[in-house]
Amino acid sequence: MKKILVTGGLGFIGSHTVVELQNTGFEVIIIDDLSNSSIDVLENITKITGTQPAFHNIDLRIKKDVKNFFDTNKIDGIIHFAAFKAVGESVQNPLDYYENNIGSLVYLLQEMRDRNLDNFIFSSSCTVYGQADELPITENAPTKPAESPYGNTKQIGEEIIRDTCKANSLNAIALRYFNPIGAHDSVHIGELPLGVPQNLIPYVTQTAAGIREQLSVFGDDYDTADGTAIRDYIHVVDLAKAHIAALQRLLEKNNKTSFEFFNVGTGKGSSVLEVIKAFENATDQKLNYKIVGRREGDITAAYADTTIANKELNWKTEKTLEEALNSSWEWQKKQL
Ligand code: UFG
């Protein structure tokens with residue numbers, strides 16, 4: 001059984017990926033510092049898969065702890081999720097973001113280099129494209145200067161990995177996520193935002209649940225059919241499966257170059273108003289919302305061209321937006 005280290009494995013995307021890894025027959029070791037996750041997730045993963053993954057509470061900024069982990073564990077591949085991810089917070093505290101997101105990446109790669117480990121999957125983001133000039137966005141679209149320190153850590157992270165792949169024996173794949181939403185069908189795991197949600201879907205579900213009074217729709221004067229901004233919302237389980245496909249590509253040595261990157265989305269763009277309607281239809285809830293001004297830093301539209309990911313990863317999304325929204329709602333109801 002191949003052993004896979006999943007950093008940030010108790011987080012939103014990490015926990016769903018752990019489940020898919022276990023279901024595919026991998027042995028999973030999780031590293032998580034619980035800074036934005038709960039230890040209960042470990043138990044909930046176990047409820048789904050029947051096997052409790054190994055867990056280490058390690059802060060990846062502490063180099064000696066990272067070294068000690070690798071000294072005492074033999075692993076065949078790494079999926080690296082652990083990172084701070086709040087765009088607004090990163091503007092307030094850029095150094096925390098650079099220290100955590102870049103520091104932990106460098107320490108992991110150093111340990112991999114020193115042991116000739118070579119299979120690495122990196123959580124990247126479509127934010128590297130900024131507002132792309134052409135839609136849908138292909139992997140050939142140029143990257144643009146990051147809008148936030150958070151986005152910059154994803155760009156710099158990719159560059160660090162690219163350089164390391166050139167210099168050392170590393171093989172790596174960066175997955176550029178579009179907008180992950182939804183929860184596991186079992187309703188045992190889902191998204192657990194801290195405080196007031198910044199992202200659309202948790203705000204929608206908390207509003208429907210009565211935790212928030214009203215959803216603010218940020219801007220209806222964009223150059224889109226209904227004036228609201230367009231994103232590509234992907235079910236987190238579909239996204240998790242893309243990680244398994246990418247990992248298998250590396251383990252089977254099917255990668256074409258030592259560093260590759262793929263767009264992971266559905267290929268379909270939905271406006272904020274379309275999301276609200278789809279949520280209302282899928283869940284029979286009426287959503288209280290109002291249109292307000294644009295949110296600073298938001299782009300007009302982003303959705304993926306999935307041709308390359310579909311072909312190279314032999315992967316495609318299976319779930320609809322309605323299924324994803326419905327699972328988010330089921331998850332929300334369980335949190336009440
Ligand atoms: N939106 C609202 N009201 C809200 C929250 C969001 O109208 O209360 C709108 C946003 O303006 C945007 C859309 O819903 O048009 C989606 O917003 P999210 O915050 O859910 O997602 P973003 O596309 O802004 O952000 C996501 C990830 C970030 C990443 C970014 C890069 O959450 O991690 O994509 O494109 F950096």
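Hydrogens, waters and symmetry mates are skipped; everything else that's a heavy atom, side chains included, is used. Just so we're clear, the structure is a prediction, and the values are computed from it rather than from any experiment. When a ligand or atom number is given, it counts from 1 through the structure's own listing order.
Of the heavy atoms in Val275, none comes closer than 4.0 Å to ligand 1. In Ile299, neither the side chain nor the backbone holds a heavy atom less than 4.0 Å from any atom of ligand 1. With a 4.0 Å cut-off on non-hydrogen atoms, Tyr233 touches ligand 1 through its side chain and not its backbone. Of all the heavy atoms of Val272, the ones lying under 4.0 Å from any atom of ligand 1 belong exclusively to the side chain.
Among all protein heavy atoms, the one lying closest to atom 30 (C) of ligand 1 is Thr127 CB, 4.4 Å. Of all protein heavy atoms, the one lying nearest to atom 10 (C) of ligand 1 is Asp298 OD2, 3.4 Å. Shortest contact from atom 17 (O) of ligand 1 to any protein heavy atom: Arg295 NH2, 3.4 Å.
Shown in contact with Gln198 at under 4.0 Å from a heavy atom are these atoms of ligand 1, numbered in order with element: 5 (C), 19 (O). Applying the 4.0 Å criterion to heavy atoms of Ser216 picks out, from ligand 1, the atoms 2 (C), 3 (N), 4 (C), 7 (O), 8 (O). Less than 4.0 angstrom separates some heavy atom of Cys126 from each of these atoms of ligand 1: 35 (O). Atoms of ligand 1 lying under 4.0 Å from any heavy atom of Val217, numbered from 1 in the order shown and given with element: 7 (O). Against a heavy-atom cut-off of under 4.0 Å, Tyr150 is close to the following atoms of ligand 1: 29 (C), 33 (O), 36 (F). With ligand atoms numbered from 1 in the order given, ligand 1 contributes 21 (O), 22 (P), 23 (O), 26 (C) to contacts under 4.0 Å with heavy atoms of Asn179. For ligand 1, the atoms sitting less than 4.0 Å from at least one non-hydrogen atom of Ala229 are 15 (O), numbered in the order shown with element in parentheses.
Nearest residue to atom 14 (O) of ligand 1 from Leu200, Thr207, Val87 is Leu200 (criterion: closest heavy atom). When the heavy atoms of Tyr177, Phe218, Phe178 are ranked by distance to atom 7 (O) of ligand 1, first place goes to Phe218.
With no hydrogens or angles considered, no side-chain donor-acceptor pair links Tyr97 and Asn152 at under 3.5 Å.
Residue contact annotation: Ala302 has no non-hydrogen atom under 4.0 Å from ligand 1.
The closest donor-acceptor contact from the side chain of Lys268 to the backbone of Tyr233 lies at 3.5 Å or more, if one exists at all. Under a 3.5 Å cut-off, the side chain of His235 and the backbone N or O of Val237 do form a donor-acceptor pair.
Annotation: cation-pi pair Arg295/Phe218 absent, no NZ/CZ under 6.0 Å from the ring centroid and within 45° of its normal.
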Arg294 and Asp220: CA distance, side-chain angles, deciding distance, salt bridge (charged side-chain N to carboxylate O under 4.0 Å, His left out) verdict: CA-CA 8 Å; Arg294 292 183 181 195; Asp220 69 347; over 6 Å; no

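Salt bridge Asp284/Lys286: absent, no basic N to carboxylate O contact under 4.0 Å. Taking 4.0 Å as the cut-off between side-chain N and carboxylate O, Arg115 and Glu111 count as a salt-bridged pair.
Aromatic ring centres of His243 and Phe122: separated by at least 6.0 Å.
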